[in-house]
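So you know, we letter chains A, B, ... as the sequences are listed, proteins then strands, and number each from 1.
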Amino acid sequence: MTAPLISLQGITKTFGEGLAAFQALRGIDLDIQPGDFVAIMGPSGSGKSTMMNILGCLDVPTSGTYLFKGHHVEQLTRDERALLRRRYLGFVFQGYNLLARTSALENVELPLLYRGEAKKVRQQAALAALRKVGLEDRAHHTPAELSGGQQQRVAIARAIVTEPEVLLADEPTGNLDTERSREIMQLLERFNRDAGITILMVTHEADMAAFARTTVKFRDGMIESMQIHKRLVDA
Amino acid sequence: MIAMLIITLGLAMREIRRHLMRSFLTVLGIIIGVGSVVTMVTLGNGTTAAVQQQISSLGANILQIRPGQGFGRGGGGAQPQPFDADDVAAIRQQVAGVVRVAPQVQSSGLAVRNAANWSTSIYGTTNDYLKAQSWSIDVGRVFTPQEEQAGKTVCLIGSTILRNLFRAESPVGQRIRIRDLSCEVIGTLKSRGSSFGPGDQDDVIIMPVKAVQRRITGNQKVSMILVSVDPAYNSDAVQASIKSLLRERRRLGPGKADDFNIFDTRQISETLQNTTKTLTALLGAVAAVSLLVGGIGIMNIMLVSITERTREIGIRLAIGALGREVLLQFLVEAVVLASLGGVLGLAIALGASALLSPMLQIPFLFNPTINAVAFLFSAGIGILFGYFPARRAARLNPIDALRHE
Ligand SMILES: Nc1ncnc2c1ncn2[C@@H]1O[C@H](COP(=O)(O)OP(=O)(O)O)[C@@H](O)[C@H]1O
Ligand SMILES: [Mg+2]
């Protein structure tokens, strides 16, 4: 086995203080190998999103250690975590979260903007990313002119345009019908298989989790079970 | 960093274009503030220039010495002793720092030529007076030394006299009658246009001082002495030596008050400059208030805009924007907005002052400094009032911001 890309030990997360305090995560230990495709499942309120926010370096745990590529994320400043996200992570959200009244192309260019890429480079990379999700011909459409499935594909293009190591997706198919959901999953599966992007995905649906290599089940802020469907082939 | 700034500028412009009407209303305060202040300052400068030009036509740094105790103090006692030609000569010879000294005998009367007549002022004086008062000759010539010495009845006429007595004819060599003397016109004075105050400076006939004394006033009195001061000398020191000389000549003992007064034309400019300063300070206050109001308008709209765009901020932060990059984005937006307001204000000021100056009969003076200052000031307002909302945006928690509806 190679060294894990992500290593969580004794992660807890408590919201609020005193009597109102609520422990959303209560001691999570988890290792994720590079190239894995992990589906996180569990009932509503079991702490999946909280876990994803911590994994995505958007939030820090109350206690425990989170090692990402050798960085102690729990010790990093706000700006340092932003730089980690910029360099290594891509995000896909349930609600797509594209910039309104902004073309698909410009939405996909956005992460490159913060990497300081020149306009030409940004445009070419964004067009290539849109091509990979099959939306090259919709480059100049705004989100309002795209269907839900198309918007989510633009969001995926935006997440992969920087060639990230990890793609985090919190219920990416939550707002889509089964057919559109399958298309999204096929895209994710392909990026995982062909580009070697590690994918961490929250989903309610077993059908969607079936695309993943590993399934982690959450209950009441703890990991209930973990199943490996498809072994990673060691290089 | 530079690339980031350019990109941010682009973003800001797009955001402003997207909400054109709102952006316009946001910066209305700044537009009005900058527009009105710059218009007022420009018109104020024009007025000052116009007045200053009229003052300089009185002659720069000229002392006017008259018998009597000066304005407002008169009353009671004997008539002050008048000046005469010896006083003029004494000042010319004994006071250091005087360039020209000229007597002025003032009278008035009806000037008649053929059927036309005109009631006017008659000054008896010398060529020095013309120089000190910067009169120039339009047609003809000034007095010759012999004419001054002998008090020949020759005269120079102002343009008002020319217009009323001669119409289109050439006046040089012609004769006009004043009271019971007939005098030959030797030249015309270049017009000064209307002077400040009610007087028309062109309504005048000038003759050698001796001619007026002998043929019109009938005595040796000089009603005023005009002294032009060498700019290299201190005007106050020159005044002091004239004062002591005249006190001596008029035998005024140590306890006695002056029975003559010296008026310095420089005082008018100084008074005017003080008035201008007060006015400028007042305009500054108006500017400060209007720009404060404009700034608060910008802050208000920026806060609204940031609330509306919370989700966008969340997206930017999630994909790796640093707090300071978000701060820069909103700060630049506020500064661009405020600067555009400033530019619009300047354009309005330019149009308004170009339009109003001719109506007020003052020169239109474009002042680059005030325009630059007003522009920088409006940009500064953008920074000042944009900072707080921008910092609020930069400090948003990305998770909360993304969840914002
Ligand atoms: N910012 C927060 N403040 C307080 N409680 C929170 C916050 N975020 C999540 N929670 C609580 O933590 C629990 C886990 O939430 P979440 O991770 O969103 O669950 P899931 O995504 O599995 O549905 C829930 O009970 C939720 O109410
Ligand atoms: Mg959730």
- Which of the residues B:R311, B:R18, B:E312 is involved in the greatest number of heavy-atom pairs with chain A at under 4.5 angstrom? B:R18
- Between B:L322 and A:R86, is any pair of side-chain heavy atoms under 4.5 Å apart? yes
- Sort B:R324 into side chain, backbone, both or neither according to what part of it lies under 4.5 angstrom from a heavy atom of chain A. side chain
- Does any heavy atom of chain B fall under 4.5 Å from the side chain of A:R158, the backbone, both, or neither of them? side chain
- In terms of heavy-atom pairs under 4.5 Å, which option from A:L84, A:N53, A:L98 contacts chain B the most? A:N53
- Message: Any non-hydrogen side-chain atom of A:T102 less than 4.5 Å from a side-chain atom of B:R14?
- Response: yes
- Query: Quick one: CD1 on A:I54 to CD1 on B:I399, what's the gap to the nearest 0.5 Å?
  - Reply: 8.0 Å
- Give, as side chain, backbone, both or neither, the part of A:E106 having an atom under 4.5 angstrom from any heavy atom of chain B. side chain
- Note on the structure: A:F91 and B:A318 have their tightest heavy-atom pair at CE1-O, 3.4 Å
- Task: Check the surroundings of atom CZ in A:R115: do more than 12 heavy atoms from other residues, nucleotides or ligands lie under 6.0 Å from it?
- Result: yes
- Item | Smallest separation among heavy atoms of A:A82 and B:A321, with atom names | CB-O, 3.9 Å
- Query: Looking only at heavy atoms, which two atoms of A:R85 and B:L317 are closest? And how far apart?
  - Reply: NH2-O, 2.8 Å
- By a 4.5 Å heavy-atom criterion (distance strictly below it), what part of A:L89 contacts chain B: side chain, backbone, both, or neither? neither
- Message: Counting only non-hydrogen atoms closer than 4.5 Å, does B:I315 touch chain A with its backbone (N, CA, C, O), its side chain (CB onward), both, or neither?
- Response: side chain
- Note on the structure: Among residues 116-136 of chain A, those lying within the under-4.5 Å heavy-atom range of chain B are A:R122
- Please check if atom CD in A:E145 has more than 12 non-hydrogen atoms from other residues, nucleotides or ligands closer than 6.0 Å. yes
- Return yes when atom CZ of A:R219 has more than 12 non-hydrogen atoms of other residues, nucleotides or ligands closer than 6.0 Å, and no otherwise. no
- Message: I need the A:R101 CZ to B:E15 CD distance, nearest 0.5 Å.
- Response: 6.5 Å
- If you check every heavy atom in residues 55-81 of chain A against those of chain B, which residues fall under 4.5 Å? A:L58, A:D59, A:R78, A:D79
